[in-house]
Each structure stands twice: as structure tokens, then as C-alpha cells.
2 protein chains.
Amino acid sequence: MSGVRKERADAVRNREAVLAAAARLFADHGGPERVSMDDIAQAAGVGKGTLFRRFGDRTGLVRALVEQRTERLRAQVVSGPPPLGPGARPDVRVLAVLDALLRFKLDNRPLMLALENADVGSPYQNEAYELWHAQLMALLAEVRGHRDADFLAHALLAAVRSDLIEHLVRAGKSPGELCEGTAALVRAVLGGADSPEAGKVEEKGEAG
Amino acid sequence: MSGVRKERADAVRNREAVLAAAARLFADHGGPERVSMDDIAQAAGVGKGTLFRRFGDRTGLVRALVEQRTERLRAQVVSGPPPLGPGARPDVRVLAVLDALLRFKLDNRPLMLALENADVGSPYQNEAYELWHAQLMALLAEVRGHRDADFLAHALLAAVRSDLIEHLVRAGKSPGELCEGTAALVRAVLGGADSPEAGKVEEKGEAG
DNA sequence: GGAAAAACGGACCGGCAGTCCGTATAGTTG
DNA sequence: CAACTATACGGACTGCCGGTCCGTTTTTCC
């Protein structure tokens with residue numbers, strides 16, 4: 001009775017080995033473009049054929065890596081506890097989401113930089129982007145109406161793009177400064193109040 | 001004394017031929033990564049050696065193209081007539097600059113997209129970026145104080161990045177909608193008022 | 001007109017993405 | 001446990017591309 005055979009154990013092992021090796025090499029070398037597929041295969045301890053059979057091509061590998069990395073964060077936003085997840089006030093949540101995204105990218109700096117630069121237009125081809133955008137747009141609409149919510153959500157996300165973060169960090173900005181800047185942007189977009197009272201979004205951590 | 005010889009005529013001719021060919025090919029193929037240097041050389045009617053002697057490598061070629069394209073716009077901002085150039089009120093000028101940048105990128109869509117994606121971090125290695133940023137930061141500081149002006153200037157520029165524009169256009173947005181979105185973002189950042197009434201940039205007394 | 005500087009061009013080199021297929025192995029069945 | 005089959009493995013192989021090198025051609029200057 002041949003139904004569907006399970007995925008072979010060695011295949012699973014190899015796939016994970018490749019993803020792990022790729023993540024490390026991309027991070028080490030600061031960009032997927034700077035690592036050859038041969039190097040990845042060798043570091044993972046598999047043949048080149050295996051690598052390409054699994055992931056199709058370089059882009060496929062990068063995409064798989066993106067999905068693996070963002071899944072955790074996505075889960076937190078979709079169904080985690082407030083303020084990131086549902087339940088918090090929309091204004092609070094906008095800041096929480098942006099802040100989480102920023103911190104996530106700071107924590108995975110070389111990798112996320114590599115991933116967003118995978119190829120032309122890649123940050124916008126990433127499936128996760130749609131999610132962040134839809135989420136932010138809905139929240140913005142709640143806070144300040146539907147007008148321009150679409151574009152403004154894109155603008156907020158653009159402000160935490162990996163290469164901008166990289167640029168600022170290299171220019172000497174501290175993570176705290178970036179968080180503070182992001183918060184200021186969010187405040188401005190949310191309702192304009194620059195003063196804390198109008199839309200006091202409780203300060204999250206960094207700006208302590 | 002004959003210390004310096006002039007640049008040879010054929011060198012000038014060839015350099016321009018290469019730049020023109022590269023611009024066209026990049027635009028046609030939607031990205032500098034998708035065009036081989038051989039193709040560029042052939043399209044320009046020069047040998048490969050000539051191409052590399054002039055521009056060093058692919059990056060150098062792209063950079064030269066960027067400079068050539070942005071020079072006009074730069075001149076307008078630095079020393080053109082208001083509202084783009086000096087003389088206009090800072091709040092007006094912020095919008096004018098952003099809007100000009102947006103329109104410029106819309107007009108040169110495939111090329112600018114290609115240029116900004118030249119390689120990792122490229123939009124921020126572009127010399128012109130420093131100019132736009134410094135300009136916007138100064139203007140923002142005038143309007144709303146120095147606090148966060150640095151980051152907010154970056155955020156504004158991030159909102160008109162070529163790949164975002166490309167994404168939005170492909171998603172069906174009209175240029176008008178993009179301008180409108182940009183304007184909304186600028187209003188929010190400038191002083192917070194979103195509705196034309198509630199708190200425009202403050203009182204816009206025309207005659208200062 | 002002629003010599004030297006400058007530039008030209010395309011053959012050439014090393015390396016890399018992606019393919020192909022003979023071999024090895026996990027899983028299954030009796 | 002042994003045989004058997006589907007599945008996966010791996011690395012040799014191919015074609016292409018970025019960048020170099022150097023003999024040849026063009027420009028400039030006197």
C-alpha cells in the first residue's frame with residue numbers, strides 16, 4: 001500500500017544543515033551575494049546537487065531562510081499577548097509592532113540585511129511584508145481613519161528597513177536612538193501629537 | 001608648459017556612449033544585475049577594456065550613472081528657485097523636495113530602481129543621499145526643532161525609495177495617489193496636523 | 001609630419017550558478 | 001533479516017560572466 005511516503009530523514013537533516021550553514025555564512029560575509037553556493041554546500045556538509053534540489057536556486061534558499069526567521073515574530077503579532085498581539089489599543093500596538101520589527105532586525109542585523117537585499121524588490125516580495133503592512137494599515141485606520149493609511153503603513157515599514165538600520169548603526173547611532181526615532185515617527189503619524197499627552201503611547205523599554 | 005594634456009576626444013565620446021548604453025540597458029532589463037558588462041560594451045560600441053578602464057568595475061559605472069542623473073535635481077535644490085530652492089518657507093520646502101524626489105523617481109522609474117539596487121546598501125552610499133538628508137534635516141529642525149530631525153529625515157527619504165515606489169505602482173497606485181500619500185506623511189511629520197484645518201503647518205501667513 | 005602619450009579592444013583567466021546522472025541509502029514488505 | 005524500490009546524494013561538468021592584460025590604434029602636441 002503505497003500512500004505517501006514520509007519525507008526521508010536524511011533529507012530533513014540536510015535541509016536544516018543547509019539553512020543553518022547559509023544563515024551563518026550570510027551573516028559572516030555580510031550578504032548572500034558574497035557567498036558562493038559551493039561554500040554553503042561544503043559548510044553544510046552536503047553536495048551541491050542536494051542543495052539545489054532542495055531549494056531550486058539561490059533565491060529559493062534565501063526565501064526559505066526568511067520564512068524560517070520571521071515565523072516566530074509573525075506568530076507573536078498574530079496571536080501573541082499584548083501589546084504586540086491583539087488586545088492592546090491600536091495606537092500602542094502600532095508602536096509595539098514597529099518597535100518589535102526594529103529590534104528584530106537589530107538582533108539579526110547581518111542576516112536580515114542580507115535577506116532584504118536578496119534581489120530587486122525583495123523586501124516587497126517577502127510574504128511577511130504583506131502581513132506587517134495589512135496589520136499596520138488596519139491599526140492606522142482605527143486610530144486616524146482610512147485616509148492615507150495604506151501609504152503611511154508603507155512609510156512606517158520603510159523607516160525600519162534593514163539597510164537604513166545598517167546605515168544608521170554604522171554612522172554611530174545606538175539602538176536606543178533608533179527606537180526613539182521610530183517612536184517619534186510613529187507618534188507623528190498616529191495623530192500628530194509630538195507631546196506625550198495627546199497620544200501617550202507608553203514608553204517601551206528603551207527610552208527608559 | 002604642457003603639464004596637463006586635455007582629456008582625449010575619443011575618451012569623452014566613449015564615456016558618454018557607455019553611460020547612455022548602460023542607462024538604456026539597465027532600464028530595459030530592469031536592473032543592473034541583469035545586464036552583463038559585455039552587453040554594455042557591445043551596445044556602446046566599445047571594447048570591454050575601455051569600459052573597465054573608465055569605470056573600474058560595475059559599481060563604478062553605476063555610480064557614475066547616478067551622479068549624472070541626480071546632478072540636475074541637486075542643482076535645483078541647492079540653488080534653484082523656490083519652492084525647491086532656498087527662499088521658500090522650510091515647511092513648504094520639505095514637501096517640495098520630497099515631492100520632487102518622488103516625481104523624479106517616477107519619471108526615471110526603471111533606471112532609478114536599478115541604481116538604488118546596485119548593491120547592498122547602495123541608496124545610502126550614494127553621495128546625493130547625504131545631500132537630501134542634510135537638507136531635509138535642517139529644514140525639519142527649523143520647523144519642529146532638532147529633536148529626532150535626523151531620524152525623521154531618513155524616514156521621509158525611505159518613504160520615496162525606488163523599490164517602494166515600484167511596488168506601489170505595480171499594485172495599481174497612480175502617481176497622484178503617491179504624491180498625496182507623501183504629502184500626508186510630510187504633514188504628519190512636520191507638525192502633526194493631518195486634516196487641513198486642525199493644525200496646518202501652523203498658521204500659514206503667506207506674507208512673512 | 002612625426003613621436004610619445006593615451007586610449008582602444010578583444011583574447012584570456014578564474015570562478016561561480018545551476019545541471020546531470022551514476023551511486024548510496026532510507027524505508028517497506030514478507 | 002533480506003530483498004527491493006523510491007528517494008536522495010554528491011561532485012564532475014557546462015556555459016557564462018566579471019575583470020585583466022597587452023599588442024595595436026588614435027590623438028595630441030610641437
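Here is how names work: the chains are called A, B, and so on, in the same order as the sequence lines, proteins then strands, and each is numbered from 1.
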Exercise for review: Send over the distance from E7(A) CD to dT25(C) P, rounded to a whole Å.
Suggested key: 19 Å
For residues 102-113 of chain B, which side-chain N or O atoms pair as donor and acceptor with protein atoms under 3.5 Å away, sequence neighbours left out?
residue : atom : partner : partner atom : Å
R103(B) : NE   : D99(B)  : OD2          : 2.6
R103(B) : NH2  : D99(B)  : OD2          : 3.4
K105(B) : NZ   : E116(B) : OE2          : 2.6
K105(B) : NZ   : V160(B) : O            : 3.1
N108(B) : ND2  : F104(B) : O            : 2.8
R109(B) : NH1  : E166(B) : OE1          : 2.9
R109(B) : NH1  : E166(B) : OE2          : 3.2

**Study point:** Nucleotide dG10(C), atom P - distance to CE of M37(B) in whole Å
**Key:** 16 Å
Check your understanding: Under 4.0 Å between a Lys/Arg side-chain N and an Asp/Glu carboxylate O for K173(A) and D150(B)?
Key -> yes
Review point. Can you check whether N14(A) has a side-chain N or O nearer than 4.0 Å to OP1 or OP2 of dC9(D)?
Key: yes
Check your understanding: Counting only side-chain N and O atoms of T50(A), is one of them less than 4.0 Å from OP1 or OP2 of dG10(D)?
Key -> yes
Check your understanding: Does the dT7(D) base have a donor-acceptor partner in the side chain of R8(A) within less than 3.5 Å?
Key -> yes
Exercise for review: Return the set of residues passing ring-ring contact (aromatic ring centres under 6.0 Å, His included) with Y129(B) (not counting sequence neighbours), or none when no residue passes.
Suggested key: Y124(B), H154(B)
Study note, to complete from the structure: Here the distance between atom C1' of dG10(C) and atom CD1 of I40(B), to the nearest Å, is 17 Å
Review point. Taking CZ from F52(B) and C1' from dA6(C), how many angstroms apart are they, rounded to a whole number?
Key: 20 Å
**Study point:** For atom CG of D10(A) and atom P of dG10(D), their distance in whole Å
**Key:** 9 Å
Exercise for review: Take the protein atom CG of D57(A) and the nucleotide atom C1' of dC16(C), then report the distance between them rounded to whole Å.
Suggested key: 14 Å
Point to revise | Single hit among V189(B), L190(B), T182(B) for side-chain contact (heavy atoms from CB on, under 4.5 Å) with L156(B) | key: V189(B)
Review point. Hey, which of these two, R53(B) or A9(B), hits DNA chain D nearer its 5' end, going by closest nucleotide?
Key: R53(B)
Review point. Taking atom P of dC16(C) as reference, at what distance in whole Å does atom CG of D39(A) sit?
Key: 7 Å
Revision key, fill the gap. Exactly one of D57(A), N14(A), V18(A) clears side-chain contact (heavy atoms from CB on, under 4.5 Å) with L51(A), and that residue is V18(A)
Exercise for review: Identify whether any heavy atom of V12(A) sits under 4.0 Å from a base atom; if not, whether one sits that close to sugar-phosphate; answer base, sugar-phosphate or nothing.
Suggested key: nothing
Practice item. By nearest nucleotide on DNA chain D, pick out whichever of S36(B) and R13(B) is the more 5' one. Key: S36(B)
Exercise for review: Classify the side chain of K48(A) and the base of dA12(D) as holding, or not holding, a donor-acceptor pair under 3.5 Å.
Suggested key: no
Practice item. Assign each of R54(B) and G56(A) to its nearest nucleotide of DNA chain C by heavy atoms, then name whichever residue's nucleotide is nearer the 5' end. Key: R54(B)
Practice item. Quickly work out the D38(B) CG to dG9(C) P distance and round it to whole Å. Key: 14 Å
Exercise for review: Look at R58(A) and dA17(C) and indicate whether a side-chain polar atom (N or O) is within less than 4.0 Å of OP1 or OP2.
Suggested key: yes
